[in-house]
Amino acid sequence: MDSKIWLSSPHMGGGEMKYIQEAFDQNWVAPLGKNVDEFEIAIENFLGENKLAAALSSGTAALHLALIQLGIGYGDEVICQSFTFSASANPIKYLGATPVFVDSDKTNWNMSPEFLEKAIQDRIKNYKKPKAIIVVHLYGMPAMMDEILEICNRYEIPLVEDSAESLGSSYKGQNCGTFGEFALLSFNGNKIITTSGGGALVTNTKEQKIKTIFLSTQARDQAPHYQHSEVGYNYRLSNICAGIGRGQMEVLKDRVAQRRANHDFYKELFSDIAVVDVFTESSSDFYSNHWLTSATINKDFTSKTNHDLMSAFAEKNIETRPLWKPMHLQPVFKDCPYYGENVAEELFNQGLCLPSGSNLTNDDKKRIYDVINNFKF
Ligand SMILES: *Cc1c(COP(=O)(O)O)cnc(C)c1O
């Protein structure tokens, strides 16, 4: 059996061990230290727009702390893109609030501005005003930011960007993760860069960053003893993991270029296969890091399904994955309101994610090519 081709596996840059060794040499094996500080600076320099970043143990933790700082609590409603990974919605539940799910735009795959506005109007009219909007840049594709920001501003609802999959993506030249009141980044093992596990909360102000770090380190008041006036969390990133992150930030631009090259490979590979659409940017306003290249098989023109194609890959020890199953279809969220017309559901039924690691070799691509070449669509 040929070796496994993974969907998206960690790809070290070379500098990581140096920073980990430094932490060991100085015995800063703790959730604070030089690597944490330098990793945050590297993220801030990369993102620009005067944004600040607090390094945390996960992207999920980052979203949790963003929602806390937006005052979300029991009985509140938060609008969330339905087509996403569950971590975009779970922190809403941690706070006793209710997610209100919004469908995707057919072309962009992220939150539909049209359904977003319908949802807001209906919630205001019949229930209560949503307290925040969580938009996702799925698979690295920037969401329709002009339209969504215009709606956020008009209704005065703060925006949180889930940029877990979109570090290195940009919209009209501005980095994803710099549009919202808050944005979360993830450095989980399968993301475009990784700290094995980790995340960051991107903030607008120094006060928000300080508050984020305060909450993530058990909310300890200024006092000689342990004094607490607020509920705290243990969410700070370890100085060892941050060392990995420093090394990874040095190669982030290469990783984006490599993932985008994978995307070009797939566009070429499927260019003659009319029933397969490779998901790509609709205009030059959108610049995706192409974290995962995805495609849909048009069921109107073939009886072959995404699952047939995934099986053909699996037979050759090549990992692929269905698209995210929309949140409004998940048993855990079945009682939550939903606004849309099953665009995301259709995508889920027809799509798949293709191997997209920045470490994909030419041999790997040859094996992928062979699967497609031998597949009868
Ligand atoms: C990975 C991911 C997260 C969560 O990040 P973790 O670091 O794994 O907690 C959130 N949202 C999306 C869209 C993701 O892909």
Side-chain angles (χ1 to χ4, degrees), residues 6-10 31 39-40 43 53-68 78-94 99 101-102 104 108-111 132-143 148 159-169 176-177 179-180 182-202 212 216 233-238 241-242 244-245 248 255 259 279 288-294 321-328 330 332-333 344 347-348 351 353 356-357:
W6 298 97
L7 188 71
S8 176
S9 65
F39 183 40
E40 289 178 342
I43 296 167
L56 301 172
S57 54
S58 72
T60 312
L63 180 56
H64 190 188
L65 297 186
L67 296 180
I68 289 171
V78 175
I79 291 185
C80 182
Q81 183 166 323
S82 183
F83 194 36
T84 187
F85 175 51
S86 63
S88 305
N90 282 333
I92 303 170
K93 285 286 205 179
Y94 301 167
F101 292 114
V102 168
S104 290
N108 177 257
W109 288 20
N110 292 306
M111 189 182 277
I133 295 169
I134 301 171
V135 71
V136 189
H137 308 293
L138 213 61
Y139 304 122
M141 184 63 70
I148 286 171
L159 180 74
V160 178
E161 279 177 277
D162 182 340
S163 287
E165 303 180 357
S166 64
L167 185 60
S169 301
C176 289
F179 290 91
F182 291 99
L184 63 108
L185 304 176
S186 170
F187 310 109
N188 204 354
N190 60 357
K191 300 288 156 73
I192 190 154
I193 61 166
T194 183
T195 58
S196 76
L201 186 62
V202 181
T212 303
S216 74
Y233 301 85
N234 184 3
Y235 280 172
R236 196 69 164 134
L237 187 67
S238 117
C241 294
I244 306 175
Q248 289 274 277
R255 297 298 178 260
R259 299 234 179 201
F279 176 49
S288 172
N289 66 10
H290 289 300
W291 171 57
L292 296 184
T293 291
S294 304
R321 195 202 270 164
L323 300 185
W324 298 123
K325 180 173 177 177
M327 289 306 114
H328 71 280
Q330 300 284 357
V332 66
F333 296 124
L347 292 170
F348 170 65
C353 300
S356 300

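Heads up: numbering here begins at 1 and tracks the sequence. Order of appearance sets the numbers: ligands from 1, and atoms from 1 within every ligand. Computed from a predicted model, the values in this text were never measured in an experiment.
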Look only at the side chain of [X] and the backbone of [Y], and say whether a donor-acceptor pair between them is shorter than 3.5 Å.
X: Q81; Y: V136; result: yes
X: Q330; Y: K325; result: yes
X: S104; Y: W109; result: yes

### Close approach, G198 and ligand 1, non-hydrogen under 4.0 angstrom
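Within the 4.0 Å threshold, so yes.
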### Task
Return yes when G199 approaches ligand 1 closer than 4.0 angstrom through a heavy atom, no otherwise.
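Heavy atoms of G199 never come under 4.0 Å of ligand 1.
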Can you pull out the closest protein heavy atom to [atom]? Residue, atom name and distance to 0.1 Å, please.
atom: atom 2 (C) of ligand 1; result: K191 NZ, 2.7 Å
atom: atom 8 (O) of ligand 1; result: N188 ND2, 3.1 Å
atom: atom 5 (O) of ligand 1; result: S186 OG, 3.2 Å
atom: atom 9 (O) of ligand 1; result: T60 OG1, 2.5 Å
atom: atom 11 (N) of ligand 1; result: D162 OD2, 2.7 Å
atom: atom 15 (O) of ligand 1; result: E165 OE2, 2.5 Å

### Message
Suppose I only count heavy atoms of A87 and a 4.0 Å limit; which atoms of ligand 1 are within that range?
### Response
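The atoms of ligand 1 under 4.0 Å from a heavy atom of A87 are 3 (C), 4 (C), 10 (C).
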### Query
Which of the atoms in ligand 1, numbered in the order shown and given with their element, are less than 4.0 Å from a heavy-atom of S88?
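Counting atoms of ligand 1 from 1, those under 4.0 Å from S88 are 11 (N), 13 (C).
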### Task
Using the side-chain contact (heavy atoms from CB on, under 4.5 Å) rule, pick out the option among S356, P10, S9, S8 that qualifies with N190.
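Single pass found, and it is S8.
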### Query
Under 6.0 Å between the ring centres of F39 and F187?
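Judged by ring-centre distance (under 6.0 Å), F39 and F187 do meet the cut-off.
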### Query
Ring centres of F279 and Y139 under 6.0 Å apart?
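No: the rings miss the under 6.0 Å criterion.
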### Query
With backbone taken as N, CA, C and O and side chain as the heavy atoms from C-beta onward, which portion of S58 lies under 4.0 Å from ligand 1: side chain, backbone, both, or neither?
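The answer is both, backbone and side chain.
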### Message
Using a 4.0 Å heavy-atom cut-off, which part of T84 comes near ligand 1: side chain, backbone, both, or neither?
### Response
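Side chain only.
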### Query
Should the ring pair W324 and W291 be called parallel, tilted or perpendicular, given that the plane angle runs from 0 to 90° and is split at 30 and 60?
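Parallel: the ring planes of W324 and W291 meet at under 30°.
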